[in-house]
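Working notes, structure below.
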Amino acid sequence: IAVLIAVFLRFFVVAAYKIPTSSMAPNLKVGDFIFVNKARFGFRWPWEEGKQVFFAPPRRGEVVVFKCPQEKKVSCVKRVVGVPGDKIQIVKKNLFVNGQKAQYERADPQLIADMPGAEYNAVLTEQLEGKRRHIVISSSKEIENFGPVIVPPEHFFVLGDSRDSSDDSRFWGAVPYTYLQGE
């Protein structure tokens, strides 16, 4: 009975993940362990690819775990910034969602003091639709602008909180709902 309960919990309710990269710094750092609520987006039958029951879509601002579009056997952890129909654009490192610019203010640089290359990065507090989060940007002008793009139906658009050192929807496009694994 204990094994059946453990299997049920692992497949349908909760899973543990270890953060492998710095793409979500300073909020989630390399080596951090997180528990993922797999039931948040409904239930997925393990033997039927993409089949979801009681589906609830992700919301802007949520941190989600999903199958990486480039390597589906690997899980990615990113923040949802766009839902179906949203217009996403980045201008001079400023995020715009549906034409609304996120608000930014400097944050405590100690948040990234333990990160390699911290002296070349800045920590900001980004606020959009009343939700606040810390992000990291670099002095590099490489990824200064992006878009605009419209998030297609049944997809979501994700960014890493460490904006200039994250492979995310800017590189592989919006992510299909069927790739969602949990919150």
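The analysis underlying the following values was restricted to heavy atoms, covering all of them including side chains, and did not include hydrogens, waters or symmetry mates.
- A donor-acceptor pair shorter than 3.5 Å can be found between the side chains of Y104 and E126.
- Listed for the E62 side chain is a donor-acceptor partner under 3.5 Å among the backbone atoms of R59.
- The local environment of CD in E154 is sparse, with at most 12 non-hydrogen atoms from other residues, nucleotides or ligands closer than 6.0 Å.
- A distance of 6.0 Å or more separates the ring centres of Y17 and F35.
- Atom-to-atom distance recorded for C76:SG and D167:CG is 8.0 Å, nearest 0.5 angstrom.
- In this structure, Y120 places its OH atom where only 12 or fewer heavy-atom neighbours from other residues, nucleotides or ligands lie under 6.0 Å away.
- By the 4.0 Å N-to-carboxylate-O rule, K93 lies too far from E144 to be salt-bridged with it.
- For residues 97-110, the salt bridge (charged side-chain N to carboxylate O under 4.0 Å, His left out) pairs, not counting sequence neighbours, are E105-R132.
- To the nearest 0.5 Å, atoms CD (E183) and NZ (K38) are separated by 14.0 Å.
- The aromatic ring centroids of F146 and F157 lie less than 6.0 Å from each other.
- Note: I150 CD1 to Q89 CD = 9.5 Å, rounded to the nearest 0.5 Å.
- By the criterion of side-chain heavy atoms lying less than 4.5 angstrom apart, applied directly or through intervening Ile, Leu, Val, Met, Phe, Trp or Tyr residues, V80 is not grouped with V151; the two fall into different hydrophobic clusters.
- L180 is connected to W172 through a chain of hydrophobic side-chain contacts under 4.5 Å among Ile, Leu, Val, Met, Phe, Trp and Tyr, so both are in one cluster.
- The salt bridge (charged side-chain N to carboxylate O under 4.0 Å, His left out) analysis of residues 25-34, with sequence neighbours excluded, yields the pairs K29-D114.
- Y177 has its side chain within reach of P84: a pair of non-hydrogen atoms, C-beta onward, lies under 4.5 Å apart.
- By the 4.5 Å heavy-atom criterion applied to side chains, V30 and P20 are not counted as neighbours.
- Using a 4.5 Å heavy-atom threshold, the side chains of V63 and V77 count as touching.
- Considering only heavy atoms from C-beta on, I19 stays 4.5 Å or farther from F33 through its side chain.
- A distance of 9.0 Å separates CG in N94 from CD in Q103, rounded to the nearest 0.5 Å.
- Each of L124, L95, D164 was checked for a side chain to side chain contact (heavy atoms under 4.5 Å, CB included) with I135, and the lone residue meeting it is L124.
- Counting only residues at least two apart or on different chains, the salt bridge (charged side-chain N to carboxylate O under 4.0 Å, His left out) pairs with a member in residues 78-91 are R60-D86, R79-D161.
- Residues V123 and P109 form no side-chain contact, since every pair of their non-hydrogen atoms from C-beta on lies 4.5 Å or further apart.
- Smallest separation of non-hydrogen atoms from A25 and M115: CB-SD, 3.6 Å.
- Proximity of a side-chain donor or acceptor of D168 to a complementary backbone N or O of R170 within less than 3.5 Å is detected.
- At least one side-chain heavy atom of V97 sits less than 4.5 Å from a side-chain heavy atom of I88.
- Residues V136 and L111 fail the side-chain proximity criterion, which asks for heavy atoms closer than 4.5 Å.
- Criterion: ILVMFWY side-chain heavy atoms under 4.5 Å apart, direct or through other members. Under it, F66 and V83 are part of a common hydrophobic cluster.
- R40 places a side-chain N or O within 3.5 Å of a backbone atom of P57 that can act as its donor or acceptor partner.
- The distance from the OG atom of S162 to the CG atom of N27 is 10.0 Å, given to the nearest 0.5 Å.
- Residues V158 and V81 have side chains not in contact (no heavy-atom distance under 4.5 Å, counting atoms from C-beta outward).
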